[in-house]
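As structure tokens, the structure follows; a few thoughts come after it.
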Protein chains: 2
Amino acid sequence: MKEISIKKGDILQRKGDLNSKIYNVKTGLLRSYTIDEQGKEHIYMFAPEDWIMSDNTLDNEPCDLFIDALEDSELEMRNKDFTDADVNTDKILRRMGVLQKRVIMLMSSSAIERYDHFVERYPQIVQRVPQKMIASYLGITPEALSRVKKERFRK
Amino acid sequence: MKEISIKKGDILQRKGDLNSKIYNVKTGLLRSYTIDEQGKEHIYMFAPEDWIMSDNTLDNEPCDLFIDALEDSELEMRNKDFTDADVNTDKILRRMGVLQKRVIMLMSSSAIERYDHFVERYPQIVQRVPQKMIASYLGITPEALSRVKKERFRK
DNA sequence: TAGGATTCTTAACCTATGTCAATGCGCACA
DNA sequence: TGTGCGCATTGACATAGGTTAAGAATCCTA
């Protein structure tokens, strides 16, 4: 285990890397994202204080995700061994719960429903990142998010 | 831990239940799915031999998923305590890897790309379930899957 | 082996969201 | 105190996938 401090914009991991670590966020805000063949960015997860951030690419293949800092951050970095007591089962379970909800919402909810759910669940993050990143997390374009927010207002 | 045998069609868990268990599939095939407000079914996961099946709804809330058997199956059923040696970290990591890939593909790939990926990754499952269930897993309608398969063929 | 149920395909039409381009705003910095 | 840059908004248009309905194929099961 190693404690590290990083600045806003610093990159911790790049898509294709092999030495994937697990980060425990003490202060600040991390983001993981991928870039597809068309060069488009898709945010996979935000990790504010008290969350863990890691890439879980299967089979020790080159990882899929970039990880960078959206704010100056202090982190604990360790190798991915799950038995480590500090990466406790509560955080793993919470992570799986978030992913389950996310998959279900991507499959069954409209853009505006996903947005409302996000704002309700993560009001702090909404304050801390530009709206285009929230759109990216929700799986839509910034233009679409702008539009659906406006449309809802008309009702 | 308890060993149970169930028949095709048997339901192990319903949306809204509280006593969520974790199942280790020894033989057979399970499926988890949700039903949205419009009554539409969305498959969350398949679990063939050697996979685990569980609901990871957050905060001990009523669960989101139905779980049923697509084939006669033999299972090990246990409570959700992660420290149990038999629900090992390999399976947890594999599960998180699958979810990560799933989220990324839902956000960045077209229907036909998701289908091709599924067929490549799970050829056995393709043989064992109707195509409309694969469509449901991919987040599209059976009609759309039928169409995109045909369209690809035209090229 | 027939008959009903389920699944798959196809077609016409619809809608949510993407794409592209233009504009304006707000903020950091010279 | 301007000015440049990233971000948000808006509009016109494009498109992937949804909806509905019908028919064809397949499969259970009596």
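Per chain, numbering begins at 1; letters A, B, ... match sequence-line order.
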Nearest-angstrom distance from the residue atom OH of Tyr115(A) to C1' of dT17(C) | 17 Å
Determine the interplanar angle of the Tyr137(B) and Tyr122(B) rings, folded into 0 to 90°, and report it as parallel if under 30°, tilted if 30 to 60°, perpendicular if over 60°.
-> perpendicular
Centres of the Tyr33(A) and Tyr44(A) rings: under 6.0 Å?
-> no
Separation of dA16(D) C1' from Leu145(B) CG (nearest whole Å) = 14 Å
Asp116(A) bridged to Arg152(A) by N-O distance under 4.0 Å | yes
Which listed nucleotide (dG17(D), dT10(C), dT9(D)) is nearest to the side chain of Lys150(B)?
-> dT10(C)
For dT9(D), take OP1 and OP2 only and decide whether either is under 4.0 Å from a side-chain N or O of Gln131(A).
-> yes
Side-chain atoms of Glu143(A) come closest, of dC8(C), dT10(D), dG17(D), to dT10(D)
How do Thr141(B) and Lys8(B) order along DNA chain D: which one's closest nucleotide is nearer the 5' end?
-> Thr141(B)
Would you classify Pro142(A) as touching base, sugar-phosphate or nothing, given that sugar-phosphate means primed atoms plus P, OP1 and OP2, and contacts are heavy atoms under 4.0 Å?
-> nothing
Salt-bridge present (Asp50(A), Lys91(A); N to O < 4.0 Å) | yes
Write down the distance between CE (Met133(B)) and C1' (dC8(C)), rounded to a whole number of angstrom.
-> 14 Å
Atom pair distance, as rounded to whole Å: CE in Met107(A) and C1' in dG18(D) = 16 Å
Taking the side chain of Pro130(B) as heavy atoms from C-beta outward, which of dA8(D), dG17(D), dC8(C) is closest to it?
-> dC8(C)
Rounded to whole Å, CZ of Arg147(B) lies from C1' of dG18(D) at a distance of 8 Å
Can you check the Glu151(B) CD to dG18(D) C1' distance for me, whole Å?
-> 14 Å
Taking the side chain of Val148(A) as heavy atoms from C-beta outward, which of dT17(C), dT7(C), dT9(D) is closest to it?
-> dT17(C)
Starting from P on dC7(D), measure out to NZ on Lys149(A) and report it in whole angstrom.
-> 15 Å
Are Glu71(A) and Arg128(A) ion-paired here, with the side-chain N under 4.0 Å from a carboxylate O?
-> yes
Ala144(B) or Lys132(B): which one's nearest nucleotide on DNA chain C is closer to the 5' end?
-> Lys132(B)
To the nearest angstrom, the CD1-P distance between Ile140(A) and dA8(D) comes to 12 Å
Phosphate OP1/OP2 of dG18(C) contacted by Lys40(A) side-chain N/O (<4.0 Å) = no
